[in-house]
Amino acid sequence: MAVRKVYGSLNSQATLKVLACLFENDLDFEFVSVNLDAGEKKKKACLSMNPFGQAPVYEDSGIKQFESREIIRCMAHEYDEKEEELVYWDGRDQAIVANWVDVEDLQFDPPATKLTFEIVIKPNNGLAPDQGVVAEAEAKLSNVILDGEILKW
Ligand SMILES: N[C@@H](CCC(=O)N[C@@H](CS)C(=O)NCC(=O)O)C(=O)O
């Protein structure tokens, strides 16, 4: 029986990141679906383990965590069983990884999320995208995606 639990939604990019890592590491887990569109009270009850009331929340052996990037980082430390090097113990290497995790968090994710909302979620709900928001998000994304590739050093 799985000791790990993911509380989240399949409509949540942050939840999907955690699920991708669980599958990548072949780890058993139980998925507890949270309806993020549910009323505030019901949602808060489901996500009471996260002080910000957001998905995902991850539970492993009694330890509860939130913030998808930190859940993934912790998983990489704990289940680093593959040949590829996922975890760096050298402080300088850790800082370089942290730098790029922050770039994804602060430069890539906000405009990518806005774009997804405008060009996928809104049309799926019968709403027209706001072209001003689309243009602004695309301009910001062009700072991190060059010629179809994520910016590299
Ligand atoms: N920085 C957080 C973001 C979490 C987040 O924004 N979750 C969204 C779903 S992707 C959510 O729960 N939204 C509902 C709400 O904020 O009430 C993480 O990466 O885990």
Side-chain angles (χ1 to χ4, degrees), residues 2-80 82 84 86-88 93-130 132-145 149-152:
V3 286
R4 301 169 204 95
K5 275 189 185 177
V6 179
Y7 300 80
S9 161
L10 296 181
N11 293 324
S12 146
Q13 292 159 299
T15 304
L16 293 177
K17 270 186 253 180
V18 171
L19 295 182
C21 286
L22 283 162
F23 284 119
E24 197 177 27
N25 286 292
D26 288 327
L27 298 171
D28 286 337
F29 65 95
E30 183 185 331
F31 182 65
V32 182
S33 179
V34 175
N35 180 0
L36 294 176
D37 297 326
E40 208 52 32
K41 204 171 157 197
K42 191 173 163 204
K43 197 172 68 180
K44 279 246 164 72
C46 294
L47 296 174
S48 58
M49 294 164 281
N50 177 343
F52 305 102
Q54 291 185 316
V57 172
Y58 179 66
E59 197 179 343
D60 188 356
S61 313
I63 295 169
K64 294 185 179 75
Q65 270 188 289
F66 54 91
E67 287 301 335
S68 56
R69 292 166 188 85
E70 296 316 315
I71 295 168
I72 290 166
R73 204 192 300 244
C74 184
M75 221 183 277
H77 272 270
E78 244 182 306
Y79 304 106
D80 186 24
K82 292 190 178 169
E84 62 204 291
L86 297 174
V87 175
Y88 300 96
D93 290 343
Q94 272 189 39
I96 292 169
V97 172
N99 188 160
W100 287 101
V101 171
D102 282 359
V103 168
E104 187 276 325
D105 185 6
L106 304 168
Q107 307 292 340
F108 176 81
D109 191 72
T113 299
K114 269 193 188 156
L115 210 48
T116 307
F117 183 70
E118 292 298 329
I119 65 179
V120 179
I121 296 174
K122 277 171 84 171
N124 280 347
N125 288 286
L127 299 167
D130 179 328
V133 175
V134 170
E136 196 184 329
E138 283 179 343
K140 284 190 176 154
L141 269 185
S142 71
N143 291 329
V144 276
I145 299 181
E149 281 209 50
I150 304 274
L151 183 66
K152 287 186 193 122

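Counting starts at 1 for both ligands and their atoms, in listed order.
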Pair Tyr7 and Phe66, ring centroids less than 6.0 Å apart: no
Once you round to the nearest 0.5 Å, how far does CG of Leu10 lie from CG of Leu36? 10.0 Å
For the atom pair CD (Glu24) and CG (Asp26), what is the distance rounded to the nearest 0.5 Å? 9.5 Å
At less than 4.0 angstrom from any atom of ligand 1, which residues have a non-hydrogen atom? List them by chain and residue number. Ser12, Gln13, Ala14, Leu36, Lys43, Gln54, Ala55, Pro56, Glu67, Ser68, Arg69
Passing option when Glu118 is tested against Thr113, Val134, Leu127 for side chain to side chain contact (heavy atoms under 4.5 Å, CB included): Val134
Looking only at atom types and distance, does a side-chain atom of Asp105 sit under 3.5 Å from a main-chain N or O of Val101, one as donor and one as acceptor? no
Taking it one step at a time, do Lys17 and Arg69 satisfy side-chain contact (heavy atoms from CB on, under 4.5 Å)? CA-CA 8 Å; Lys17 270 186 253 180; Arg69 292 166 188 85; 3.1 Å; yes
